[in-house]
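Input: a single structure, listed below in structure tokens.
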Amino acid sequence: MNQANLIVARIERARQDHGISVAELARRINVDRKRLWYVLNGQRSMHVDEFVRLCAVMDMSLACFLTKEQASDLAETARPPAADDSRHTGWATSSSTVEFTYSTSSQRSCT
């Protein structure tokens, strides 16, 4: 499944779990219902601000739309550089690492 299909599938699952229609979801995220229908059918792309509003309305983390592999890759690139890495002068080093999780207790779990 490609990334676009994964995103649409997770939006549709969340919409159905919430028991709301496409028209109601469109109203809640302030998007024309036809536009949202086209997005959900792969005929249009979604703007970032629309996507963020959708996540807020559906109480979903942006992380819900990543595969485990993508989350792992992001977590790896977000780690601070090693203390002996001279390419990154001026960076503070610490023993903490960045953890990337699929959901938080305050947001619905990703399915």
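Everything quoted here is computed from the prediction, not taken from an experiment.
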Quick check for you: to the nearest 0.5 Å, what is the distance between [X] atom [atom1] and [Y] atom [atom2]?
{"X": "Leu36", "Y": "Met46", "atom1": "CG", "atom2": "CE", "value": "5.5 Å"}
{"X": "Arg10", "Y": "Leu54", "atom1": "CZ", "atom2": "CG", "value": "13.5 Å"}
{"X": "Leu66", "Y": "Ile7", "atom1": "CG", "atom2": "CD1", "value": "8.0 Å"}
{"X": "Glu50", "Y": "Cys55", "atom1": "CD", "atom2": "SG", "value": "12.0 Å"}
{"X": "Lys68", "Y": "Asp73", "atom1": "NZ", "atom2": "CG", "value": "14.5 Å"}
{"X": "Glu12", "Y": "Leu25", "atom1": "CD", "atom2": "CG", "value": "8.5 Å"}

Would Arg44 count as a cation-pi partner of Tyr38, with NZ or CZ less than 6.0 Å from the six-membered ring centre and within 45° of the ring normal?
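That pair qualifies as a cation-pi contact.
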Compare all side-chain heavy atoms of [X] with those of [Y] and state whether any distance is below 4.5 angstrom.
{"X": "Trp37", "Y": "Gln43", "result": "yes"}
{"X": "Met58", "Y": "Ile20", "result": "yes"}
{"X": "His18", "Y": "Glu24", "result": "no"}

How close do [X] and [Y] get, counting heavy atoms only, and between which atoms?
{"X": "Met60", "Y": "Ala14", "result": "SD-CB, 3.4 Å"}
{"X": "Ser45", "Y": "Arg35", "result": "O-NH2, 3.0 Å"}
{"X": "Leu6", "Y": "Phe65", "result": "CD2-O, 3.8 Å"}

